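In what follows, a structure is listed as structure tokens, so that the remarks can point back to it.
Start at 1 and go down the list; that is how both ligands and their atoms are numbered. Please read these numbers as outputs of a predicted model, since none were measured by experiment. Positions are given from 1 along the sequence. These numbers come from the heavy atoms of this one structure, side chains and all, not from hydrogens, waters or symmetry mates.
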Amino acid sequence: MKKKLIKNTSEHFDTLFHNKPQHIFLSPGRINIIGEHIDYNDGFVLPAAINKYVCIAISPNEDSKCKIVAKDLNEIFEFDLNDALVPNSDMWINYILGVLQQFKEKKSLDKGFNAVFSSTVPIGAGLSSSAAVECGFAYALNKMNNFNLTKEEIALIGQKSEHTFVGVNCGIMDQFASVFGKKNKVIKLDCTTLEYEYHNADFKKYSLLLLDSNVKHTHLTSGYNVRRQEVEQGLTVLKNHFPEVKTFRNCTEEMVNSVKQELGETIYKRSHFVVKEIQRVQDAVNALKASDFKKLGSLMTETHYGLSKEYEVSCDEIDFLVDSVSKEKTVLGARMMGGGFGGCSINLVEKGSENKLIESISKQYKTAFGIDLKAYKIKISKGTTEYKN
Ligand code: GLA
């Protein structure tokens, strides 16, 4: 699939620009084992890059003109780097313009480029197709201009592009995972310091299976930004009562419970989820290290119910998928993944049981919602890179 993506993207470039692209970059989507909605709450997360990619075929120009082609959408956007870059009504280009704007602010970016990109990361499925685009372009511009930015700087550029040009106030997890991904490793990322460590993604007799609800989300209209405001309110109350609290990481469940009245029902639920989820990630890393997959699975399922009932970022379709697989003996754990309000569930299942499970859940899902389920058996792969033949 990767080879085909590269071939098609590069041939499309050749057809449009009558030349082979000088560079090809691959930037992956991501999964997250556990630690949801806590990257912007100073927690830890456990993501990994996967073998679904945005492929960018690109060549620099002598002048400042840029031509960017979104092959899958059959759309072209042309502009001059010397013009003011502003958010556009065509959403897809904003992920890239936001990146370019930062390069313009940080470095002298005078050479334009021609680019074609295409993707096997499904859009709106919670696999961070947007971070893959942002980081792919940031990585490409860094390489082509010899700017020598670090991987961390590239991830931060991707995140800021999303804040400034897309309008989603996201955390750092997606961009970090896309850039720092490593084959067969999950990344334990400390979202406060951006320190990270790799852990073996060796699930022994088990595998990770994604079930795509086919309910598309965009975090611009979802409750994502609202959640960020809610937890901020919660933290302010906690800080007022407990001077030692700087972030949710310093909070205990007891502290949150003690100010329940003042927080009010909604903010209490959000804050309670965050504190519990921060702890769950630590427990999950220990379970993974000890190959205690039963424990890991049950933590994942606990996360789901927290996200669904307390953080309220799930939806009926994903709840149905999690409830249905949880009844199966071959499934150790399941939960919604990513920002939520649709997208995929991630499931820890017995190896060899995947096809039967997919078949049975697809039928149930179709009967309940009339929607065709998609399933992805993913591999954990390396992060954003230049592809060389
Ligand atoms: C989206 C955001 C991430 C993160 C997740 C939820 O994917 O882009 O920063 O907050 O949601 O964990």
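Both the sub-6.0 Å distance and the 45° axial angle are satisfied by Arg249 relative to the ring of Phe44. Geometrically, Lys20 does not engage Phe13 in a cation-pi contact defined by less than 6.0 Å to the ring centre and at most 45° from the axis. Both tests pass for Lys182 against the ring of Tyr198: distance under 6.0 Å to the centre and angle within 45° of the axis.
A distance limit of 4.0 angstrom between heavy atoms and ligand 1 selects the residues Arg30, Glu36, His37, Asp39, Tyr40, Cys170, Gly171, Met173, Asp174, Tyr224, Gly338, Gly339.
Under the 3.5 Å distance criterion, the side-chain polar atoms of Gln102 are matched with a main-chain donor or acceptor of Ile157. Listed for the Ser314 side chain is no donor-acceptor partner under 3.5 Å among the backbone atoms of Ser308.
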Set out, in order, the CA-CA distance, both residues' side-chain angles and the distance that settles side-chain contact (heavy atoms from CB on, under 4.5 Å) for Val116 and Leu16, then state yes or no. CA-CA 9 Å; Val116 173; Leu16 290 179; 4.2 Å; yes
